[in-house]
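Working notes, structure below.
Numbers here simply count residues along the sequence, with the first being 1.
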Amino acid sequence: MSLAGLHSTPVPADPAIDAMVAALPKVSLHCHLIGSVAPQTVVDLARRHGVRLGRSADDLYDHASYQDLGEFLRVLDVVGSLIRDADDFARVTYESLTAGGAAHGVLYREVHLSPPGHPGVPYPTILEGVLAGARDAEADTGIRAGFVVGLCRERSGAAAVELVEQVVGHRADEVLGIGLDYAEIKGPPTRFAEAFRLARRAGLRRTAHSESGPPDHVRVLLDELGCSRVDHGYHVVDDPAITARCVAERVPFTCTPVSSDVGRYSGSGDGTHRRIAEMVDAGLLVTIDSDDPPMFGTDPTHDHRVLAHALGWRRDRLAALTRNAVEACWLDDTDRAVLLARVKAGVAATPDAPPAPQEDPA
Ligand code: ADE
Ligand code: ZN
């Protein structure tokens, strides 16, 4: 696969849609901390640590220049290697939650951390920084946050077990569960069964990426890794039996329209977001987020905007996906009820846009 030359199809300015998507409250379950670092922050961190970047941050984030997902993931490595001490983690967490979150109406975010993406940084340092950043972000904007620790599927099962041991040994209430990220092609989910068992025994929730994998990987995630949700999971709709099971069990799928369109996982790179539409039509519990927002030229508002244009969805259909995210999130029932009330109030205060024009059947 080549990502070269691919951009998510641009959408026209439309004041009514733009006002609607900006005002809608949002709940964010699929956003990576490393992937949400703003370009200027990359430059600042490089300077702080005396690292020559070699290219401007804008070039670094030119997703049309990534030859494939592997190259994109190596850009993440460069950014991850610049986040080194607790102050760095506090800064990038704060910015992800405020300018990258609350400013777009995000009320709650479960931030995906990738400790293996920060070589040499002890897990307690990461934890200290992200908790401080989240505390400050909540104090300044009201956004709440939890954390998901991603195991790197490019590494061994033993390395994943070690990371879960770290998470369990340095337990924090805000760390709600684990995930499984980086290049799917390099790490079949079964390799991580032991790490996921350990997490389950410790009371951690579980999710995992399945973006390019076959529908059977969704089954493996549910049955062998004990996941209670799936990141992406677009191929589920290729298998009617597993789709029916996921509908019946209300398994959440955290979809990311723009990043997956650029990567040609959820459609054909043409902005139709075909698979997301199929998943919603099939009755699956779909949520919407941005994955690695500045790296894919998007943000939470823009991911909603592209669906409004491509699929003709307006306030109530988009708000239904946000309510799905409230159902899918890992807050306890009391906090979930508070979040749901905030979402409902925000939706009620959001102006709807006029319906999309009907297509001429002729
Ligand atoms: N960050 C870490 N792994 C990722 C993946 N597979 N896709 C997008 N962002 C990621
Ligand atoms: Zn992701």
Distance alone, cut at 3.5 Å: any donor-acceptor contact between the side chains of Tyr94 and Asp140?
yes
Check the pair Ile17, Arg314 against side-chain contact (heavy atoms from CB on, under 4.5 Å), reporting the backbone distance first and the verdict last.
CA-CA 8 Å; Ile17 289 179; Arg314 295 296 181 259; 3.7 Å; yes
When you compare the side chain of Leu204 with that of Val168, does any pair of heavy atoms fall below 4.5 Å?
yes
Minimum heavy-atom distance between Ala310 and His273, given as atom pair plus value:
CB-CD2, 3.8 Å
Heavy-atom donor-acceptor pair, Ser96 side chain to Val92 backbone, under 3.5 Å:
no
Worked verdict on Arg91 versus Asp44 for side-chain contact (heavy atoms from CB on, under 4.5 Å)
CA-CA 11 Å; Arg91 175 177 175 176; Asp44 291 351; 2.8 Å; yes
When you look at CG of Asp173, are more than 12 heavy atoms from neighbouring residues, nucleotides or ligands closer to it than 6.0 Å?
no
Does a donor on one side chain and an acceptor on the other come within less than 3.5 Å for Glu224 and Thr190?
no
Measuring only between side-chain heavy atoms, which start at C-beta, is Arg245 closer than 4.5 Å to Arg219?
yes
If we only count heavy atoms from C-beta on, is the Phe253 to Asn324 side-chain gap below 4.5 Å?
no
Looking at Arg275 and Asp238, does any basic side-chain N land under 4.0 Å from a carboxylate oxygen?
yes
Can you tell me which residue among His209, Arg191, Lys186 is in a side chain to side chain contact (heavy atoms under 4.5 Å, CB included) with Arg153?
His209
Determine, using the 4.5 Å side-chain heavy-atom cutoff (strictly less than), whether Leu285 and Leu307 are members of one ILVMFWY cluster.
no
Can you tell if the side chain of Pro300 reaches within under 4.5 Å of the side chain of Arg109, non-hydrogen atoms only?
yes
Over all heavy atoms of both residues, which pair between Ala282 and Thr243 is shortest? Give the atoms and the distance, please.
CB-CG2, 3.9 Å
Spell out, as yes or no, whether a donor-acceptor pair under 3.5 Å connects the side chain of His112 to the backbone of Leu29.
yes
Does some side-chain heavy atom of Ile185 sit less than 4.5 Å from a side-chain heavy atom of Ser212?
no
Is the ring centre of His232 less than 6.0 Å from the ring centre of His30?
yes
Testing Phe296, Tyr61, Tyr182 for ring pair (Phe, Tyr, Trp, His ring centres under 6.0 Å) with Phe72, which one passes?
Phe296
Rounded distance [0.5 Å steps], CD in Glu327 versus OG1 in Thr287:
11.0 Å
Between the OG1 atom in Thr256 and the CD1 atom in Ile288, the distance rounded to the nearest 0.5 Å is 8.5 Å
Rounding to 0.5 Å, atoms CH2 (Trp313) and CG (Leu318) come to a distance of 7.5 Å
Look at the side-chain heavy atoms of Ile, Leu, Val, Met, Phe, Trp and Tyr, link any pair under 4.5 Å apart, and say whether Val161 and Val175 land in one connected group.
yes
Quick one: does Val51's side chain get under 4.5 Å of Val78's, heavy atoms only?
no
Within the 4.5 Å heavy-atom criterion, are Val79 and Leu76 side-chain neighbours or not?
no
Please round to the nearest 0.5 Å and tell me the distance separating atom CG of Leu339 and atom CZ of Arg336.
8.5 Å
Note: Glu110-Arg229 ion pair, threshold 4.0 Å (strictly below):
yes
Smallest separation among heavy atoms of Thr125 and Ala86, with atom names:
CG2-N, 3.6 Å
Donor on one side chain, acceptor on other, Ser28 and Asp289, under 3.5 Å:
yes
Do Thr254 and Asp231 pair up side chain to side chain, a donor and an acceptor below 3.5 Å, judged on atom types alone?
yes
Rounded to the nearest 0.5 angstrom, the OG-CG distance for Ser36 and Asp299 is 12.0 Å
So, does Ser210 use its side chain to make a donor-acceptor pair with the main chain of Gly233 at under 3.5 Å?
no
Do you see a donor-acceptor pair shorter than 3.5 Å between the side chains of His49 and Asp88?
yes
Check this for me: Glu128, atom CD, are more than 12 non-hydrogen atoms of other residues, nucleotides or ligands nearer than 6.0 Å?
no
Pairing of Asp335 and Arg144 as salt bridge, 4.0 angstrom limit:
yes
Separation of Arg206 CZ from Leu222 CG (nearest 0.5 Å):
11.0 Å
Which heavy atom in Leu163 sits nearest to a heavy atom in Leu151, and how many Å separate them?
CD2-CD2, 3.8 Å
Would you kindly say whether Ser114 and Asp181 are connected by a side-chain donor-acceptor distance under 3.5 Å?
yes
Has Arg74 got more than 12 heavy atoms of other residues, nucleotides or ligands less than 6.0 Å from its CZ?
yes
Common cluster, Val343/Leu321, ILVMFWY with side-chain heavy-atom separation under 4.5 Å
yes
Return yes if some donor-acceptor pair links the side-chain N/O of Arg84 with the main-chain N/O of Ser81 below 3.5 Å, else return no.
yes
Would you please test His118 and Phe89 for side-chain contact (heavy atoms from CB on, under 4.5 Å) and show each step?
CA-CA 10 Å; His118 313 283; Phe89 281 94; 3.5 Å; yes
If we only count heavy atoms from C-beta on, is the His302 to Val11 side-chain gap below 4.5 Å?
yes
Hey, mind stepping through Val280 and Arg317 against side-chain contact (heavy atoms from CB on, under 4.5 Å) and telling me if it holds?
CA-CA 10 Å; Val280 170; Arg317 292 203 72 172; 3.8 Å; yes
